[in-house]
Chemist: 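Starting off with a structure, shown below.
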Protein chains: 2
Amino acid sequence: MIDNANKKILNILQKNARTTNADIARQIGKAPSAILERIRKLEANGVIQGYEARVAPLAAGLGLTSFTLVSVEEEVGSTSTGELLASIPGVLEVHYCAGQDSYLVKIRVQDTERLAEMLAKIGRIPTVKNTKSTIVLRTVKESSNLPIDEE
Amino acid sequence: MIDNANKKILNILQKNARTTNADIARQIGKAPSAILERIRKLEANGVIQGYEARVAPLAAGLGLTSFTLVSVEEEVGSTSTGELLASIPGVLEVHYCAGQDSYLVKIRVQDTERLAEMLAKIGRIPTVKNTKSTIVLRTVKESSNLPIDEE
DNA sequence: ACTGAAACGCATTCAGC
DNA sequence: GCTGAATGCGTTTCAGT
């Protein structure tokens, strides 16, 4: 179960995944060994899915973000087109959306030329009918941190 | 500059932000102190923006994901509505989009009831004209990890 | 589930190159 | 920008409760 101590741990790790167990222990008033045990269980239970460094996209040469709606014709419940999309480098997120037979795909590429190549690649997938892209001009906020209310 | 060693470091930390410096040092064949120095510079230069634990949304009671297009009427170049949206709990991402006078907002909430509350809240912002939401049925992939090619 | 002690490994500093 | 040694701290295990 996720008691209040675990909520505190999750919030600390969401803010800075490299916080040491000793540091967390100090913040929530327990021994480091207790924190280690809790974090291991949270990982084993799938509550903590991983720890990601957030890299500046521009520094990685990826200056263009696009959200692309990919319309598909596939069997209901099938996940294969989505997984194919997910495997393309530069495709960061793939979400299947209600009421549109389509995937919403978050893409990061170098420039419009690379986006064109990617859209061509996606368009070549047999189950894909068409795509509709929206270019991001400015990203105001971007985080995976969930609001977890402590008691 | 981001040389090949830094690319390796970034890729390791993108996959697991809690990898120890000693471990990274072994993987890329340098001393731990060299890794520490490199990581500090990458942080100082803004290349590494942070380290986030990824928490299972369902475990946090957030079973519903929505992408909502928020149309606004504000001065061109203004960022204030976007920042207002970004400050709402459950709003994870805010992107200003080309050619539509609107923000694409990624939302995570408990259920449709909470989504309705959130959309009402957003609708009450004076600069907001209307919203158009797409519910996510299934998330196939969700990551912030950028493709960084090593030489 | 937690503590506390012990052993081990890691982080960090710094001198030298 | 890196190494290597030294110190202090963190991690991890485990016995005990």
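Proteins get letters first, then strands, A, B, ... in listed order; numbering begins at 1 in each.
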Chemist: Just by modelled atom types, is the Val91(A) backbone N or O under 3.5 Å from a matching donor or acceptor in the Lys141(B) side chain?
Modeler: yes
Chemist: Using a 6.0 Å cut-off, check whether atom CD of Glu75(A) has over 12 heavy atoms from anything other than its own residue.
Modeler: no
Chemist: Between the side chains of Glu43(B) and Tyr51(B), is a donor N or O closer than 3.5 angstrom to an acceptor N or O?
Modeler: yes
Chemist: Please determine whether a side-chain nitrogen of the Lys or Arg among Glu142(B) and Lys106(B) lies less than 4.0 Å from a carboxylate oxygen of the Asp or Glu.
Modeler: yes
Chemist: Please state how far atom CD1 in Ile35(A) lies from atom C1' in dC2(C), giving the value in whole angstrom units.
Modeler: 10 Å
Chemist: Before accepting this row, confirm whether a basic side-chain N of the pair Asp3(A)/Arg38(A) lies closer than 4.0 Å to the acidic partner's carboxylate O.
Modeler: yes
Chemist: Given the rule in the side-chain hydrogen bond (donor to acceptor under 3.5 Å, both in side chains) test, do Thr81(A) and Glu74(A) qualify, once you have shown the distances and angles that lead to the verdict?
Modeler: CA-CA 8 Å; Thr81(A) 305; Glu74(A) 65 181 345; 2.8 Å; yes
Chemist: In the 5'-to-3' direction, what one-character label does each nucleotide of nucleotides 3-13 of chain C receive under the scheme B = base within less than 4.0 Å of a protein heavy atom, S = sugar-phosphate only, - = no such atom?
Modeler: BB-----SSBB
Chemist: The helix from dA1(C)-dT17(D) to dC17(C)-dG1(D): angle between its terminal axes, five pairs each, to 10°?
Modeler: 30°
Chemist: Taking CG from Asn4(B) and C1' from dG1(D), how many angstroms apart are they, rounded to a whole number?
Modeler: 16 Å
Chemist: By the rule that ILVMFWY residues connect when side-chain heavy atoms come within less than 4.5 angstrom, directly or transitively, which residues belong alongside Phe67(A)?
Modeler: Leu69(A), Leu104(A), Val136(A), Phe67(B), Leu69(B), Leu104(B), Val136(B)
Chemist: Is the NZ atom of Lys132(A) crowded by more than 12 outside heavy atoms at less than 6.0 Å?
Modeler: no
Chemist: Rounded to the Å, how far apart are Ile24(A) CD1 and dT11(D) P?
Modeler: 8 Å
